[in-house]
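We count ligands from 1, going down the list as the structure has it; atoms in each ligand are counted the same way.
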Amino acid sequence: MTFDLLRVDTICALATADAPAAIAVVRVSGPRADNLRHSMFVPRHGAQRPYVATRGDVLDERGRVLDDCVCTAWPDGHSYTGEASFELSLHGSPVITRAVLRSLVARGCRLAEPGELTLRAVLTGRIDLTAAEAIDDVIRARTDEAARAAGRSLRGGLAKAVEGPRAALVDALAEIEARLDFPDEELGTADVARLAARLAAAHAALQRLLRTSSWGARLRDGARVVLYGPPNAGKSTLLNALAGEERALVHHEPGTTRDALEVELELGGTRVTVIDVAGVRPLADVGAVERLGIARADQERARADVVVALVPADAPDALATLHALGGDVLVLSKVDLGAPKVIAPDVCLVSAKDDVGLDALQVAIARKVGPPGPDDEVTLLRERQVVCVQDAAEALARAQSALDQQAPGEVVASELRSSGRALDRLLGKDLGPEVLEAVFSRFCIGK
Ligand SMILES: Nc1nc2c(ncn2[C@@H]2O[C@H](COP(=O)(O)OP(=O)(O)O)[C@@H](O)[C@H]2O)c(=O)[nH]1
Ligand SMILES: [Mg+2]
């Protein structure tokens, strides 16, 4: 993909789905947007004013009416892209939208690449790169929590979270560079202590941000929750109960489940994949296929974010067996067959057959996969962001130790500059082709 970084072309795109719908929106942005609008849109009642949705006809290049529509125009510097732009809200017919796009292309407009309108917003300085990423994250969010986290970055939360550390770097760098020009004026002890304290606070802020990245990854990729325990513990029955449908085969014969089976659910705002696996029992007792199933169960346990261990309540020494099995959430199953005499506070009592304890179990799992901190915290949602903040924190730590060891000012300055550059990369202040490819190529067309 090549990028029109100089914003030479006027671009157009369908911003809504290419399917019959109530309305469809075509967006146009770029240097010729105003001319194009005047040539193809005829307002019904006098002149069109910016920002005001205006009824009128849209014409093809030969003057034929393509649709009766509503047009909204934004002047240069005041639109989503930061360029002169307009939107046509058409009748939601793919035949009409294609005709309008064809006509725009015939008039010299270019079809936008995925994410190109948002790229223009970054190029014109309307938004920074983290907000652009957040726009895509909001659109693709599959749970409320993921949409809320992306929304915080969209409103500038991530950029704001690195503002303080960035200012500290810039100020410290200015102070150190000023002394470099005047070798007689070394930093005094008090100056060094003041700078060190400021840099330590900046480093702590970056570390705090980095700690949100595992939650960010969970919002993006969801969590894997494996149901683990002996055969006949009721794992497959529990999976079906959680899924609300008969997904897994259930049978009283031990060893029914061989392959792993996955079901996607939403628990407490987090997307969760629940995995039912073969029951684990001594390998001497089982045939070759079940043995493979047990190996698979152990693999799934190793890669899971949450292990739900199940032992039937009527099994001998059920509680001790359960604790020996270990797991993040402990379940005594089939409690309808007889509740245990000793009840441990950390154990969920469940009967999938009688629908007992399922809500409490879901809450227990949700607690394990939920947000680690206050849920209004800014979250690093992308690997690219994590790498930039990590680079910034590492270079800053090197600057701190150079300052601490009274290394030459040039050394401290060079590490501070490198830390600052990493934060600049985060915010998209230098847009290289790899960054553009990584961020914008997966965007929706029309955004
Ligand atoms: N009484 C009772 N039986 C259950 C319950 N859950 C599962 N079972 C039965 O236990 C047997 C094994 O269940 P299954 O889900 O296949 O266990 P898995 O081997 O752990 O997957 C089947 O006969 C189920 O009907 C329950 O909550 N109560
Ligand atoms: Mg099973």
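- Here T256 fails the criterion, with no N, O or S atom under 2.8 Å of the Mg ion (ligand 2).
- The closest protein non-hydrogen atom to atom 8 (N) of ligand 1 is K334 CE, 3.6 Å.
- For S236, the nearest N, O or S atom to the Mg ion (ligand 2) falls under 2.8 Å.
- Between the side chains of R218 and S214, no donor-acceptor pair is found at a separation under 3.5 Å.
- The protein heavy atom nearest to atom 24 (C) of ligand 1 is V250 CG1, 3.6 Å.
- Using a cut-off of 4.0 Å between Lys/Arg side-chain N and Asp/Glu carboxylate O, R220 and D137 are scored as not salt-bridged.
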**Study point:** Verdict with reasoning, V263 to L242, per side-chain contact (heavy atoms from CB on, under 4.5 Å)
**Key:** CA-CA 9 Å; V263 166; L242 291 172; over 6 Å; no
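- The pair E377-R208 does not meet the salt-bridge criterion, since no charged nitrogen lies less than 4.0 angstrom from a carboxylate oxygen.
- Side-chain contact of S85 with S29: a donor-acceptor pair under 3.5 Å is present, judged by distance alone.
- Closest to atom 28 (N) of ligand 1, if we only count protein heavy atoms, is D336 OD1, 2.8 Å.
- Test R110, K447, R27 against E116 for salt bridge (charged side-chain N to carboxylate O under 4.0 Å, His left out) and you get one pass: R110.
- Against a heavy-atom cut-off of under 4.0 Å, G234 is close to the following atoms of ligand 1: 7 (C), 13 (O), 14 (P), 15 (O), 17 (O), 18 (P), 20 (O).
- Any N or O atom pair closer than 3.5 Å counts here, and A352 shares at least one such pair with ligand 1.
- Remark: ligand 1 atoms within the under-4.0 Å shell around heavy atoms of H251 are 11 (C), 12 (C), 16 (O), 22 (C), 23 (O).
- Summarising the contacts of atom 14 (P) of ligand 1 with N232, L337, T237, the nearest heavy atom is found in T237.
- Among S236, S333, S351, the residue whose heavy atom lies closest to atom 21 (O) of ligand 1 is S236.
- Annotation: cation-pi pair R120/Y80 absent, no NZ/CZ under 6.0 Å from the ring centroid and within 45° of its normal.
- For ligand 1, the polar-atom distance check against K235 finds a nitrogen or oxygen pair separated by under 3.5 Å.
- A salt bridge is absent between R271 and E266; no separation between the charged side-chain nitrogens and carboxylate oxygens falls under 4.0 Å.
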